[in-house]
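Written below as C-alpha coordinates is the structure these notes are about.
Atoms within a ligand are numbered from 1 in the order they appear, just like the ligands themselves. For reference, positions follow the sequence shown, starting with 1.
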Amino acid sequence: MPLVTRVTDLIGRTPLFELAATSTGTRLLLKLEQFNPTGAAKIRMAREMVLDAERRGLLGSGGHIIESTSGNTGLGLAVVAAERGYHFTAVVDHHACKDKLRAMRAMGAELVFVADDGDDNLATSAREDLAEAMAAARPDAYFTEQHNNDANAVGYYAVAEELLEDVERVDILLSSVGTGGSLFGTATRLRQLGCVPRVIGVEPVGSIAFGGEGGPYWQSGTGTPPGATIGTAVDYSLLDEGVKVTDVDAFATARAVAAQLGLMIGGSAGGSVHAALSRLDEFPPGSTIVTLVCDGGEKYLDTVFDDDWMAERDLLDPAAEAEVLAMLHRYTPTARRAELAEVR
Ligand SMILES: Cc1ncc(COP(=O)(O)O)c(C=O)c1O
(Lines give C-alpha, C1' and ligand atoms only; values in the text may rest on other atoms or scores of the structure.)
Protein backbone atom coordinates (compact mmCIF):
# COMPACT_ATOMS: atom_id res chain seq x y z
CA MET A 1 0.00 0.00 0.00
CA PRO A 2 1.35 3.48 -0.87
CA LEU A 3 1.89 6.11 1.82
CA VAL A 4 -1.36 7.87 2.64
CA THR A 5 -1.99 11.34 4.01
CA ARG A 6 -5.65 11.17 4.94
CA VAL A 7 -7.63 8.70 7.03
CA THR A 8 -10.20 8.50 4.23
CA ASP A 9 -7.45 7.16 1.95
CA LEU A 10 -7.70 4.02 4.09
CA ILE A 11 -11.34 3.39 3.16
CA GLY A 12 -12.12 0.24 1.19
CA ARG A 13 -10.29 -2.82 -0.10
CA THR A 14 -11.78 -4.67 2.86
CA PRO A 15 -11.20 -8.43 3.11
CA LEU A 16 -13.57 -11.16 2.04
CA PHE A 17 -13.84 -14.02 4.55
CA GLU A 18 -15.22 -17.47 3.76
CA LEU A 19 -17.41 -18.25 6.74
CA ALA A 20 -19.24 -21.33 5.57
CA ALA A 21 -19.56 -23.78 2.69
CA THR A 22 -21.82 -26.69 1.82
CA SER A 23 -20.86 -30.00 0.25
CA THR A 24 -22.53 -28.77 -2.97
CA GLY A 25 -20.09 -25.90 -3.37
CA THR A 26 -22.31 -23.12 -2.02
CA ARG A 27 -20.32 -20.69 0.09
CA LEU A 28 -21.06 -17.79 2.39
CA LEU A 29 -18.57 -14.95 2.12
CA LEU A 30 -18.41 -12.04 4.54
CA LYS A 31 -17.23 -8.63 3.34
CA LEU A 32 -15.52 -7.45 6.51
CA GLU A 33 -16.35 -3.76 6.51
CA GLN A 34 -15.04 -3.35 10.07
CA PHE A 35 -11.61 -3.04 8.45
CA ASN A 36 -12.51 0.48 7.30
CA PRO A 37 -11.44 3.46 9.45
CA THR A 38 -14.04 3.87 12.26
CA GLY A 39 -14.56 0.11 12.10
CA ALA A 40 -17.66 0.38 9.94
CA ALA A 41 -18.99 0.47 6.38
CA LYS A 42 -20.74 3.79 6.86
CA ILE A 43 -17.62 5.88 6.37
CA ARG A 44 -17.86 4.99 2.68
CA MET A 45 -21.17 6.79 2.34
CA ALA A 46 -20.25 9.57 4.77
CA ARG A 47 -17.40 10.59 2.48
CA GLU A 48 -19.60 10.36 -0.61
CA MET A 49 -22.39 12.48 0.92
CA VAL A 50 -19.90 15.24 1.79
CA LEU A 51 -18.14 15.15 -1.59
CA ASP A 52 -21.53 15.23 -3.31
CA ALA A 53 -22.63 18.25 -1.25
CA GLU A 54 -19.38 20.05 -2.12
CA ARG A 55 -19.84 19.30 -5.84
CA ARG A 56 -23.40 20.63 -5.70
CA GLY A 57 -22.37 23.77 -3.83
CA LEU A 58 -24.42 22.86 -0.76
CA LEU A 59 -21.52 22.89 1.65
CA GLY A 60 -19.14 25.83 1.69
CA SER A 61 -15.70 26.18 3.22
CA GLY A 62 -15.88 25.82 7.02
CA GLY A 63 -19.56 24.88 6.78
CA HIS A 64 -21.65 22.87 9.18
CA ILE A 65 -22.79 19.27 8.67
CA ILE A 66 -25.76 17.95 10.63
CA GLU A 67 -26.92 14.34 10.68
CA SER A 68 -29.14 12.07 12.73
CA THR A 69 -27.18 8.93 13.53
CA SER A 70 -27.16 5.79 15.63
CA GLY A 71 -23.38 6.00 15.60
CA ASN A 72 -21.54 4.64 12.58
CA THR A 73 -22.65 7.34 10.13
CA GLY A 74 -21.68 9.90 12.74
CA LEU A 75 -18.24 8.36 13.15
CA GLY A 76 -17.70 8.51 9.40
CA LEU A 77 -18.90 12.09 9.15
CA ALA A 78 -16.72 13.07 12.12
CA VAL A 79 -13.64 11.82 10.24
CA VAL A 80 -14.59 13.53 6.99
CA ALA A 81 -15.51 16.78 8.77
CA ALA A 82 -12.21 16.84 10.70
CA GLU A 83 -10.27 16.17 7.52
CA ARG A 84 -12.04 18.78 5.40
CA GLY A 85 -12.47 21.52 7.99
CA TYR A 86 -16.20 21.35 8.67
CA HIS A 87 -18.15 21.54 11.92
CA PHE A 88 -20.21 18.45 12.55
CA THR A 89 -23.22 18.05 14.81
CA ALA A 90 -24.52 14.52 15.40
CA VAL A 91 -28.09 14.20 16.62
CA VAL A 92 -28.13 11.03 18.70
CA ASP A 93 -30.26 9.15 21.22
CA HIS A 94 -29.71 7.12 24.35
CA HIS A 95 -29.61 3.88 22.34
CA ALA A 96 -26.28 4.69 20.72
CA CYS A 97 -23.26 2.70 21.81
CA LYS A 98 -21.31 4.78 24.34
CA ASP A 99 -17.97 4.14 22.65
CA LYS A 100 -19.29 5.42 19.33
CA LEU A 101 -20.41 8.63 21.03
CA ARG A 102 -17.08 9.04 22.82
CA ALA A 103 -15.17 8.51 19.58
CA MET A 104 -17.31 11.07 17.72
CA ARG A 105 -16.58 13.58 20.46
CA ALA A 106 -12.87 12.78 20.34
CA MET A 107 -12.88 13.63 16.64
CA GLY A 108 -14.43 17.03 17.30
CA ALA A 109 -18.11 16.34 16.75
CA GLU A 110 -20.77 18.10 18.78
CA LEU A 111 -23.41 15.71 20.15
CA VAL A 112 -27.03 16.71 20.60
CA PHE A 113 -29.27 14.19 22.35
CA VAL A 114 -32.99 13.91 21.67
CA ALA A 115 -35.03 13.71 24.84
CA ASP A 116 -34.86 10.29 26.49
CA ASP A 117 -38.42 9.04 26.86
CA GLY A 118 -37.16 6.23 29.06
CA ASP A 119 -38.56 3.35 27.03
CA ASP A 120 -36.92 0.83 24.71
CA ASN A 121 -38.24 2.33 21.50
CA LEU A 122 -35.71 3.67 19.04
CA ALA A 123 -35.85 7.43 18.66
CA THR A 124 -35.05 7.50 14.94
CA SER A 125 -37.87 9.79 13.83
CA ALA A 126 -37.38 12.21 16.75
CA ARG A 127 -33.67 12.42 15.85
CA GLU A 128 -34.43 13.13 12.22
CA ASP A 129 -36.99 15.81 13.01
CA LEU A 130 -34.53 17.56 15.31
CA ALA A 131 -31.66 17.37 12.79
CA GLU A 132 -33.90 18.83 10.08
CA ALA A 133 -35.09 21.66 12.33
CA MET A 134 -31.53 22.48 13.42
CA ALA A 135 -30.30 22.58 9.82
CA ALA A 136 -33.22 24.81 8.78
CA ALA A 137 -32.32 27.27 11.54
CA ARG A 138 -28.69 27.69 10.39
CA PRO A 139 -27.88 29.20 7.01
CA ASP A 140 -24.44 27.53 6.79
CA ALA A 141 -25.71 24.07 7.75
CA TYR A 142 -26.24 21.05 5.52
CA PHE A 143 -28.40 18.14 6.69
CA THR A 144 -26.92 15.08 4.97
CA GLU A 145 -30.19 13.18 5.50
CA GLN A 146 -28.80 9.73 4.81
CA HIS A 147 -32.21 8.10 4.36
CA ASN A 148 -33.07 10.28 1.37
CA ASN A 149 -29.67 11.05 -0.08
CA ASP A 150 -28.69 9.40 -3.40
CA ALA A 151 -25.02 9.73 -2.47
CA ASN A 152 -25.57 7.18 0.33
CA ALA A 153 -25.98 4.30 -2.14
CA VAL A 154 -23.29 5.68 -4.47
CA GLY A 155 -20.85 5.49 -1.55
CA TYR A 156 -21.08 1.70 -1.73
CA TYR A 157 -20.40 1.33 -5.46
CA ALA A 158 -16.80 0.52 -4.62
CA VAL A 159 -17.98 -2.45 -2.54
CA ALA A 160 -19.35 -4.04 -5.72
CA GLU A 161 -16.15 -3.28 -7.60
CA GLU A 162 -14.02 -4.80 -4.85
CA LEU A 163 -16.23 -7.90 -4.72
CA LEU A 164 -15.82 -8.56 -8.43
CA GLU A 165 -12.05 -8.21 -8.06
CA ASP A 166 -12.14 -11.01 -5.48
CA VAL A 167 -14.79 -13.38 -6.86
CA GLU A 168 -16.04 -14.16 -10.35
CA ARG A 169 -19.67 -13.45 -9.51
CA VAL A 170 -22.08 -12.84 -6.67
CA ASP A 171 -25.21 -15.01 -6.93
CA ILE A 172 -26.90 -13.84 -3.77
CA LEU A 173 -26.37 -10.56 -1.96
CA LEU A 174 -27.90 -10.90 1.48
CA SER A 175 -27.48 -8.09 3.97
CA SER A 176 -29.13 -5.90 6.55
CA VAL A 177 -31.27 -2.92 5.60
CA GLY A 178 -31.24 0.27 7.62
CA THR A 179 -31.29 3.21 5.25
CA GLY A 180 -30.79 0.63 2.48
CA GLY A 181 -27.68 2.39 1.17
CA SER A 182 -25.21 -0.46 1.59
CA LEU A 183 -27.36 -3.28 0.17
CA PHE A 184 -28.97 -1.38 -2.70
CA GLY A 185 -25.87 0.65 -3.59
CA THR A 186 -23.82 -2.54 -3.85
CA ALA A 187 -26.60 -4.27 -5.82
CA THR A 188 -26.94 -1.32 -8.22
CA ARG A 189 -23.25 -1.25 -9.05
CA LEU A 190 -23.06 -5.05 -9.39
CA ARG A 191 -25.83 -4.79 -11.99
CA GLN A 192 -24.02 -2.00 -13.81
CA LEU A 193 -21.01 -4.32 -13.96
CA GLY A 194 -23.09 -7.12 -15.47
CA CYS A 195 -23.68 -9.19 -12.33
CA VAL A 196 -27.33 -9.55 -11.28
CA PRO A 197 -27.51 -11.24 -7.88
CA ARG A 198 -30.63 -12.27 -6.03
CA VAL A 199 -31.01 -9.49 -3.44
CA ILE A 200 -32.20 -10.53 0.01
CA GLY A 201 -32.70 -7.81 2.61
CA VAL A 202 -32.63 -8.56 6.33
CA GLU A 203 -34.28 -6.51 9.05
CA PRO A 204 -34.99 -7.10 12.74
CA VAL A 205 -38.37 -8.46 13.81
CA GLY A 206 -40.19 -5.25 14.82
CA SER A 207 -38.77 -3.25 11.89
CA ILE A 208 -41.33 -2.23 9.28
CA ALA A 209 -39.56 -1.96 5.90
CA PHE A 210 -40.72 -5.44 4.81
CA GLY A 211 -44.19 -5.22 6.33
CA GLY A 212 -45.46 -6.95 9.44
CA GLU A 213 -46.06 -5.61 12.89
CA GLY A 214 -43.72 -2.98 14.29
CA GLY A 215 -42.17 -3.14 17.74
CA PRO A 216 -39.01 -2.56 19.72
CA TYR A 217 -35.75 -4.29 18.81
CA TRP A 218 -32.15 -4.11 19.95
CA GLN A 219 -30.21 -4.67 16.73
CA SER A 220 -28.41 -1.37 16.32
CA GLY A 221 -27.84 0.59 13.10
CA THR A 222 -30.32 -1.43 11.09
CA GLY A 223 -34.05 -1.69 10.39
CA THR A 224 -36.82 0.89 10.35
CA PRO A 225 -38.59 1.27 13.71
CA PRO A 226 -42.33 1.90 13.80
CA GLY A 227 -43.09 5.58 13.29
CA ALA A 228 -40.00 6.22 11.14
CA THR A 229 -40.45 6.81 7.43
CA ILE A 230 -38.77 4.54 4.91
CA GLY A 231 -36.39 6.66 2.87
CA THR A 232 -35.59 6.62 -0.83
CA ALA A 233 -32.39 4.64 -0.25
CA VAL A 234 -34.56 1.54 0.22
CA ASP A 235 -34.97 0.52 -3.43
CA TYR A 236 -37.77 -2.04 -3.45
CA SER A 237 -37.37 -2.47 -7.22
CA LEU A 238 -34.05 -4.24 -6.55
CA LEU A 239 -35.31 -6.34 -3.65
CA ASP A 240 -36.13 -9.98 -4.38
CA GLU A 241 -36.95 -10.93 -0.83
CA GLY A 242 -37.09 -9.36 2.62
CA VAL A 243 -36.54 -11.50 5.72
CA LYS A 244 -36.76 -10.79 9.43
CA VAL A 245 -34.47 -11.96 12.21
CA THR A 246 -35.10 -11.88 15.95
CA ASP A 247 -32.67 -10.14 18.29
CA VAL A 248 -32.11 -13.49 20.00
CA ASP A 249 -30.98 -15.21 16.78
CA ALA A 250 -28.95 -12.20 15.57
CA PHE A 251 -27.05 -11.88 18.85
CA ALA A 252 -26.65 -15.65 19.33
CA THR A 253 -25.01 -15.69 15.90
CA ALA A 254 -22.61 -12.82 16.63
CA ARG A 255 -21.61 -14.56 19.89
CA ALA A 256 -21.23 -17.99 18.29
CA VAL A 257 -19.10 -16.65 15.41
CA ALA A 258 -16.84 -14.91 17.94
CA ALA A 259 -16.55 -18.01 20.13
CA GLN A 260 -15.97 -20.43 17.25
CA LEU A 261 -13.73 -18.39 14.97
CA GLY A 262 -12.39 -15.45 16.94
CA LEU A 263 -14.17 -13.15 14.49
CA MET A 264 -16.10 -10.32 16.15
CA ILE A 265 -19.09 -9.17 14.11
CA GLY A 266 -21.78 -6.69 15.16
CA GLY A 267 -25.37 -7.56 16.00
CA SER A 268 -26.86 -6.56 12.66
CA ALA A 269 -24.30 -8.70 10.84
CA GLY A 270 -25.25 -11.48 13.24
CA GLY A 271 -28.79 -11.17 11.89
CA SER A 272 -27.66 -11.41 8.27
CA VAL A 273 -25.35 -14.33 8.97
CA HIS A 274 -28.17 -16.14 10.78
CA ALA A 275 -30.50 -15.64 7.82
CA ALA A 276 -27.83 -16.92 5.42
CA LEU A 277 -26.70 -19.92 7.47
CA SER A 278 -30.26 -21.10 8.14
CA ARG A 279 -30.93 -21.32 4.41
CA LEU A 280 -27.56 -22.31 3.04
CA ASP A 281 -28.79 -25.69 1.80
CA GLU A 282 -31.80 -24.12 0.07
CA PHE A 283 -29.70 -22.04 -2.30
CA PRO A 284 -28.77 -23.54 -5.69
CA PRO A 285 -25.60 -25.68 -5.51
CA GLY A 286 -22.44 -23.71 -6.20
CA SER A 287 -23.95 -20.36 -5.13
CA THR A 288 -21.71 -17.57 -3.95
CA ILE A 289 -23.52 -15.66 -1.22
CA VAL A 290 -22.12 -12.37 0.04
CA THR A 291 -23.08 -10.65 3.29
CA LEU A 292 -21.76 -7.24 4.25
CA VAL A 293 -20.54 -7.14 7.84
CA CYS A 294 -21.35 -3.49 8.50
CA ASP A 295 -19.34 -3.31 11.71
CA GLY A 296 -17.34 -5.38 14.16
CA GLY A 297 -18.35 -6.86 17.50
CA GLU A 298 -15.91 -4.74 19.47
CA LYS A 299 -18.52 -1.98 19.46
CA TYR A 300 -20.96 -4.21 21.32
CA LEU A 301 -18.87 -5.48 24.23
CA ASP A 302 -21.22 -3.71 26.65
CA THR A 303 -24.34 -5.12 25.03
CA VAL A 304 -24.39 -8.17 22.73
CA PHE A 305 -21.24 -9.63 24.33
CA ASP A 306 -22.20 -8.76 27.91
CA ASP A 307 -24.07 -11.66 29.55
CA ASP A 308 -25.71 -9.42 32.18
CA TRP A 309 -26.98 -6.91 29.62
CA MET A 310 -28.29 -9.78 27.51
CA ALA A 311 -29.93 -11.59 30.43
CA GLU A 312 -31.62 -8.44 31.73
CA ARG A 313 -33.39 -8.12 28.38
CA ASP A 314 -34.19 -11.80 28.04
CA LEU A 315 -31.92 -12.08 25.01
CA LEU A 316 -29.51 -14.71 26.25
CA ASP A 317 -30.37 -18.06 24.69
CA PRO A 318 -27.76 -20.84 24.98
CA ALA A 319 -29.89 -23.14 22.80
CA ALA A 320 -29.92 -20.58 19.97
CA GLU A 321 -26.15 -20.18 20.29
CA ALA A 322 -25.67 -23.95 20.25
CA GLU A 323 -27.74 -24.15 17.08
CA VAL A 324 -25.53 -21.57 15.35
CA LEU A 325 -22.38 -23.33 16.56
CA ALA A 326 -23.73 -26.56 15.06
CA MET A 327 -24.38 -24.83 11.71
CA LEU A 328 -20.89 -23.30 11.72
CA HIS A 329 -19.46 -26.74 12.41
CA ARG A 330 -21.58 -28.41 9.72
CA TYR A 331 -20.62 -25.83 7.12
CA THR A 332 -16.92 -25.50 7.94
CA PRO A 333 -15.15 -24.74 4.63
CA THR A 334 -12.83 -27.52 3.42
CA ALA A 335 -9.65 -25.46 3.79
CA ARG A 336 -10.43 -24.64 7.42
CA ARG A 337 -11.39 -28.25 8.13
CA ALA A 338 -8.00 -29.38 6.80
CA GLU A 339 -6.15 -26.79 8.90
CA LEU A 340 -8.06 -27.84 12.01
CA ALA A 341 -7.26 -31.51 11.39
CA GLU A 342 -3.57 -30.61 11.18
CA VAL A 343 -3.62 -28.69 14.47
CA ARG A 344 -5.50 -31.39 16.39
C1 LIG B 1 -24.35 -1.65 12.36
C2 LIG B 1 -24.94 -1.48 11.00
N3 LIG B 1 -25.92 -2.31 10.62
C4 LIG B 1 -26.49 -2.21 9.40
C5 LIG B 1 -26.09 -1.29 8.48
C6 LIG B 1 -26.77 -1.19 7.16
O7 LIG B 1 -27.30 0.04 7.04
P8 LIG B 1 -27.76 0.75 5.72
O9 LIG B 1 -28.93 -0.01 5.21
O10 LIG B 1 -28.12 2.10 6.22
O11 LIG B 1 -26.64 0.79 4.74
C12 LIG B 1 -25.05 -0.42 8.83
C13 LIG B 1 -24.51 0.48 7.84
O14 LIG B 1 -23.34 0.49 7.54
C15 LIG B 1 -24.47 -0.51 10.12
O16 LIG B 1 -23.48 0.31 10.50
Subset of ligand 1 atoms that lie under 4.0 Å from at least one heavy atom of Cys294:
2 (C), 3 (N), 4 (C), 5 (C), 6 (C), 12 (C), 13 (C), 14 (O), 15 (C), 16 (O)
What protein heavy atom sits nearest atom 10 (O) of ligand 1, and how far away is it?
Thr179 OG1, 2.5 Å
Here the atoms of ligand 1 under 4.0 Å from any heavy atom belonging to Gly180 are 8 (P), 9 (O), 10 (O)
With a 4.0 Å cut-off on heavy atoms, does Val177 reach ligand 1?
yes
May I ask you to check whether Thr144 and Glu67 show a side-chain donor-acceptor distance below 3.5 Å?
yes
Might you work through the side chain to side chain donor-acceptor pair (under 3.5 Å) test for Ser176 and Glu203, ending with a clear yes or no?
CA-CA 6 Å; Ser176 55; Glu203 68 175 356; over 6 Å; no
What class does the angle between the rings of Phe210 and Tyr236 fall in, given that below 30° is parallel, 30 to 60° is tilted and above 60° is perpendicular?
perpendicular
Select one of side chain, backbone, both or neither to describe which atoms of Ala233 lie under 4.0 Å from any atom of ligand 1, heavy atoms only.
neither
Has ligand 1 got any nitrogen or oxygen that is less than 3.5 angstrom from a nitrogen or oxygen of Gly178?
yes
Protein contact of atom 3 (N) of ligand 1 - nearest heavy atom, named by residue and atom, plus distance:
Ser268 OG, 2.6 Å
Per-atom filter on ligand 1: closer than 4.0 angstrom to a heavy atom of Tyr300 are 1 (C)
Quick one: look up the protein heavy atom nearest atom 16 (O) of ligand 1 and list residue, atom name and how far away it is.
Asn72 ND2, 2.8 Å
Identify, by atom number and element, the atoms of ligand 1 in contact range of Asp295, meaning under 4.0 Å from any of its heavy atoms.
1 (C)
Mind checking whether Ser176 has a heavy atom under 4.0 Å from ligand 1?
yes
Any side-chain heavy-atom pair of Val91 and Phe113 under 4.5 Å
no
Which residue supplies the protein heavy atom nearest to atom 11 (O) of ligand 1, what is that atom called, and how far is it?
Ser182 OG, 2.7 Å
What I want to check is whether the side chains of Asn72 and Lys299 have a donor and an acceptor closer together than 3.5 Å.
yes
Name the residue from Thr222, Asn149, Thr224, Asn152 that meets the side chain to side chain donor-acceptor pair (under 3.5 Å) definition with Thr179.
Asn152
In this structure, are over 12 heavy atoms from other groups packed under 6.0 Å from Glu132 atom CD?
no
I want to check something: taking the side chain as every heavy atom from C-beta on, are Glu162 and Lys31 in contact at a cut-off of under 4.5 Å?
yes
Any Leu316 side-chain heavy atom under 4.5 Å of Glu321 side chain:
yes
Could you tell me, atom by atom, which parts of ligand 1 come under 4.0 Å of a heavy atom of Ala41?
14 (O)
Provide, to 0.1 Å, the distance between atom 14 (O) of ligand 1 and the closest protein heavy atom, together with that atom's residue and name.
Lys42 CG, 3.2 Å
